[in-house]
Amino acid sequence: MNRRGFYVGMSLVVLSWGLNYVVTKIGVGHFPPADFVFWRFLATTVITLPWMLRTRPGAWRQYAQVALLGFTGVSFYQWAFTTALHDTLAANVAFLFDVSPLMTLVGQRLLKLRPSGPQMFLGAGISLVGVALLVGASRNGSLLGDSLALLAAFLWALFTILTDKFHVPVKGIALTGWMSLFGTLGIMPFISWHGVIPMHPVVIIPLGYTVVFVTIMGLSLWQNAVMAVGGGKASLYLYLVPVIAAVAGWLVLDEAMNVMEACGAVLIILGVSVAEGVIPIKLRRSAQVPPFCE
């Protein structure tokens, strides 16, 4: 992936995923969240089947790795994400999800994939203050929904780290299809199993959007970006997603953040930016005390 392709791809990812918060919230307002996820990824599996048949994991170990990616990045993450959207504001979910890049940094540090310094810990502290202000502060949201948004952020960070670590030979749309297959199997215990998809635009249109633009296009471009530049650098672009989600939520859903939520959102963005080095801060080292001389 060349530089131009990377920027174009990530721009499409940011736009489609930013709008996804509002689109999915509309869908899960009329259909159970787990059922929404199940039909979304079942449809994705069917559509991507030609690519899956042409490109398959080569060994059982690779199948296991793709299955783990599917369970983490599809089944559990999408269940937490859609349920959070059902219970709280789209903007809350989006800004709390922005803690995910910071979680990715910490995970890379624990796995010794990336060094860390005092700036990362300073940024982490700022973001945690923002999370404390944002969680449960909304009059139209819920503590459970905000907590599930944080769980979704953790699961996405884990998914990103595993994608960067595994580097499975299956890529692009084929990888999206295989992960969707395993993710569909993983979400089955959570679905209600009664009723088919209501043939109503408020469900069909969001489902179609999430299948085509968010999953097949967005997730495929995201996988390619992570494999090309690494999970840490690709995650930087996720900072723009909450801004699009908040504006779309305000315009479409008439959602408005209160002062405390807005302050928390700003601190989360600031803290992650500091931790990533987007905002460089020079930290003074403590002066060394000269040795005592008699």
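Reckoned from all heavy atoms, side chains included, excluding hydrogens, waters and symmetry mates. Note that the numbering runs from 1 along the sequence shown for the chain.
F97 and V243 fall into different hydrophobic clusters, where Ile, Leu, Val, Met, Phe, Trp and Tyr residues are linked whenever their side-chain heavy atoms come under 4.5 Å apart, directly or through other members. Residue L53 is grouped with residue Y63 when hydrophobic side chains (ILVMFWY) are merged at heavy-atom distances under 4.5 angstrom, including chains of intermediate members. Note: the hydrophobic cluster containing L15 also contains Y7 (ILVMFWY, side chain heavy atoms under 4.5 Å, direct or indirect links). V23 and V202 fall within the same hydrophobic cluster, where Ile, Leu, Val, Met, Phe, Trp and Tyr residues are linked whenever their side-chain heavy atoms come under 4.5 Å apart, directly or through other members. The hydrophobic cluster containing V266 does not contain V259, counting ILVMFWY residues as joined when their side-chain heavy atoms lie under 4.5 angstrom apart, directly or transitively.
Closest heavy-atom contact between L155 and T72: O-CG2, 3.5 Å. Taking every heavy atom of both residues into account, I47 and I216 meet most closely at CG2-CD1, 3.6 Å. Closest approach of L42 and T184 over heavy atoms only: N-OG1, 3.4 Å. In terms of heavy atoms, D35 sits closest to S192 at OD2-OG, 2.7 Å. Across every non-hydrogen atom of P57 and Q62, the tightest pair is C-OE1, 3.6 Å. Closest of all the heavy-atom pairs between S75 and G183 is OG-O, 2.7 Å.
In this structure, a donor-acceptor pair under 3.5 Å is present between the side chains of S220 and T176. Looking only at atom types and distance, the side chain of R40 has a donor-acceptor partner in the side chain of Q78 under 3.5 Å away.
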Candidate pair F36 and H86, rule side-chain contact (heavy atoms from CB on, under 4.5 Å), full reasoning: CA-CA 11 Å; F36 189 91; H86 182 269; over 6 Å; no
Stepwise side-chain contact (heavy atoms from CB on, under 4.5 Å) check, Y209 with L19: CA-CA 10 Å; Y209 177 87; L19 295 176; 3.4 Å; yes
Worked verdict on W178 versus W51 for ring pair (Phe, Tyr, Trp, His ring centres under 6.0 Å): CA-CA 9 Å; W178 282 106; W51 287 270; over 10 Å; no
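Within the 4.5 Å cutoff, no side-chain heavy atoms of M217 are placed close to those of V212. F41 has its side chain within reach of T215: a pair of non-hydrogen atoms, C-beta onward, lies under 4.5 Å apart. Looking at L185 and M188, their side chains come closer than 4.5 Å, going by heavy atoms from C-beta outward. A heavy-atom distance below 4.5 Å is not found between the side chains of L219 and V214. Side chains of I187 and V74 form no contact here, defined as non-hydrogen atoms less than 4.5 Å apart. Between L221 and M10, the closest side-chain pair of non-hydrogen atoms is not below 4.5 Å. Within the 4.5 Å cutoff, side-chain heavy atoms of K25 are placed close to those of L253.
A donor-acceptor contact shorter than 3.5 Å is absent between the side chain of T88 and the backbone of L85. Under a 3.5 Å cut-off, the side chain of E255 and the backbone N or O of A246 do not form any donor-acceptor pair. With hydrogens and angles ignored, the 3.5 Å screen pairs a side-chain donor or acceptor of H30 with a backbone N or O of I26. Looking only at distances, no side-chain donor or acceptor of W17 sits under 3.5 Å from a matching main-chain atom of V241.
The aromatic rings of F71 and F76 sit tilted, their planes meeting at an angle between 30° and 60°.
Distance CG/L49 to OG1/T44: 12.5 Å, rounded to 0.5 Å. Atoms CG and CD1, from N20 and I244 in turn, are 11.5 Å apart once rounded to the nearest 0.5 Å. Once rounded to the nearest 0.5 Å, the distance linking CG of L148 with OG1 of T83 reads 6.0 Å. Separation of atoms CG (L89) and CG (D146) is listed at 8.0 Å; rounding is to 0.5 Å. Atom CZ of F190 and atom OG1 of T82 lie 10.5 Å apart (nearest 0.5 Å). Atoms NZ and OG1, from K165 and T160 in turn, are 14.5 Å apart once rounded to the nearest 0.5 Å.
Aromatic ring centres of F81 and Y21 lie closer together than 6.0 Å.
Looking at R56, M179, R61 one by one, the single match for side chain to side chain contact (heavy atoms under 4.5 Å, CB included) with V66 turns out to be M179.
Counting non-hydrogen atoms of neighbouring residues, nucleotides and ligands closer than 6.0 angstrom, the CZ atom of F154 reaches no more than 12 such neighbours. The 12-atom threshold is exceeded at CZ of F166, counting heavy atoms of other residues, nucleotides or ligands nearer than 6.0 Å.
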